[in-house]
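Scroll down for the structure; my scribbles are underneath it.
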Amino acid sequence: MENLDWKNLGFGYRKTGDNVRCYFRNGQWGELEISSSEFINIHISATALHYGQEAFEGLKAFKGKDGKVRIFRMDENAKRMQDSCDGILMQKLPVEKFMEAVHLAVKKNIEFVPPYESGAALYIRPLLIGTGPQIGVKPAEEYLFIVFVMPVGPYFPEGFKPTDLVIMRKYDRAAPQGTGKYKVGGNYAASLVEGEKAKEGGFSAVLYLDSKEKKYIDECGPANFFGIKNNTYITPLSDSILPSITNKSIMKLAEGMGLKVERRKVPYEELSDFEEVGACGTAAVISPIKRIYDADYDVEFNYGSEPGKWSTKLYNKLRAIQYGDAPDNYGWVRFVE
Ligand code: PLP
Ligand code: COI
């Protein structure tokens with residue numbers, strides 16, 4: 001690990017040490033197991049492969065100045081994975097078992113947690129898949145849960161520098177009453193075509209409008225959306241976006257800073273009123289947005305090439321809690337023993 005360039009990691013897969021696994025067989029979850037393999041041996045008729053029975057999570061661990069490693073809000077990820085399981089009829093992993101597995105995976109890879117000074121973090125990827133064979137469209141009877149980890153830098157290459165988004169109405173990532181609110185692989189498969197198009201055009205992500213009417217802002221491909229105006233933090237309320245744990249945390253911090261917080265439908269037209277806009281998520285952290293380009297009407301919304309005042313304050317506060325530089329007043333972090 002000595003030879004890792006911690007400051008320039010980027011966001012990508014990297015082989016680390018052991019991963020943690022747990023199998024659901026014969027109607028119950030087994031004990032946690034440790035594996036040093038990056039591969040799984042899976043039935044050719046597993047439901048994950050054919051019918052998309054697959055959910056994942058994303059969370060991070062941070063090394064503080066004090067050398068201690070903190071995992072951010074893993075109970076929330078555990079609960080959200082259970083919601084995803086309800087959404088696509090998979091067996092739910094108990095919250096305690098999820099947290100134990102995450103803790104163990106981090107502990108086994110403690111040398112991969114980037115040093116405090118690097119500003120990087122350990123990305124934790126829990127995954128739950130249907131492994132039992134079916135050929136009719138039905139839920140599997142067997143499941144596998146895995147947690148693996150890797151050190152990462154910022155998701156958008158710009159880091160905290162403002163980035164550009166694009167609106168393209170002919171693509172939806174999720175149906176109005178579909179699976180958009182779950183963290184399931186199918187949503188991400190559905191976003192690949194336009195995601196790559198966006199990148200080819202020099203944008204870091206697609207900004208989706210609601211799939212039914214195309215009147216309201218939904219979210220970005222890999223992150224929630226927020227806008228700030230008149231001392232108010234505004235973020236979309238929608239049934240087809242992922243309930244972001246980062247966004248939920250930022251709303252608390254915003255309130256604490258004296259901002260008003262509104263979670264409501266955000267009409268497209270409001271894009272011209274915001275003083276600051278941003279994308280937020282575990283991988284994206286807070287990514288300020290400098291320009292939103294509406295490719296269908298050749299219209300652009302500009303927010304300036306420097307991060308806004310509130311986005312900067314929120315970013316600094318969130319990071320300070322995650323790295324242990326500010327007190328954890330909300331009980332969000334768990335130490336790795
Ligand atoms: N929206 C989507 C589609 C995502 O994939 C993510 C990433 O997890 C988020 C939002 C942000 O959620 P969180 O803050 O819980 O990471
Ligand atoms: C995350 O922020 O954890 C994500 O899952 C976003 C993306 C990598 C899918």
**Request:** Could you tell me whether Tyr303 and Phe274 have their ring centroids closer than 6.0 angstrom?
**Result:** no
**Message:** Tell me if the aromatic rings of Tyr268 and Tyr216 count as close, with their centers under 6.0 Å from one another.
**Reply:** no
**Message:** Once salt bridge (charged side-chain N to carboxylate O under 4.0 Å, His left out) is applied, do any residues pair with Lys290, and if so which ones, sequence neighbours excluded?
**Reply:** Asp164
**Prompt:** Of Arg125, Arg80, Lys183, which meets salt bridge (charged side-chain N to carboxylate O under 4.0 Å, His left out) against Glu57?
**Reply:**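 In the set Arg125, Arg80, Lys183, the residue that makes a salt bridge (charged side-chain N to carboxylate O under 4.0 Å, His left out) with Glu57 is Arg80.
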**Asked** Hey, is Lys92 close enough to Asp86 for a salt bridge, meaning N to O under 4.0 Å?
**Response**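 Result for this pair is yes, salt bridge flagged.
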**Asked** Should the pair Lys197-Glu200 be classified as a salt bridge under the 4.0 Å nitrogen-to-oxygen rule?
**Response** no
**Message:** Using the side-chain hydrogen bond (donor to acceptor under 3.5 Å, both in side chains) criterion, which residues pair with Thr235? Sequence neighbours excluded.
**Reply:** Asn247
Taking atom [atom1] of [X] as the centre, report whether more than 12 heavy atoms of other residues, nucleotides or ligands fall under 6.0 Å from it.
X: Lys214; atom1: NZ; answer: yes
X: Lys229; atom1: NZ; answer: yes
X: Glu213; atom1: CD; answer: yes

**Request:** For Arg21 and Phe39, work out which heavy atoms get closest and say how close.
**Result:** NH2-O, 3.0 Å
**Prompt:** Do you know which two heavy atoms are closest between Val285 and Thr246, and how far apart they sit?
**Reply:**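 Heavy atoms of Val285 and Thr246 come nearest at O-CG2, 4.0 Å.
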**Asked** Would Arg263 count as a cation-pi partner of Phe225, with NZ or CZ less than 6.0 Å from the six-membered ring centre and within 45° of the ring normal?
**Response**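 Not flagged: Arg263 not positioned over aromatic ring of Phe225.
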**Asked** Think Lys68 forms a cation-pi with Phe335, using NZ or CZ under 6.0 Å from the six-ring centre and within 45 degrees of its axis?
**Response**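 Yes - Lys68 lies over the ring of Phe335, closer than 6.0 Å to its centre and within 45° of its axis.
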**Prompt:** Between the side chains of Tyr23 and Gln28, is a donor N or O closer than 3.5 angstrom to an acceptor N or O?
**Reply:**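 Short answer, no.
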**Request:** Quick one: sort the Phe98 and Phe145 rings into parallel, tilted or perpendicular, breaks at 30° and 60°.
**Result:** tilted
**Fill in**
Here the gap from Met168 atom CE to Lys170 atom NZ, rounded to the nearest 0.5 Å, amounts to 9.0 Å
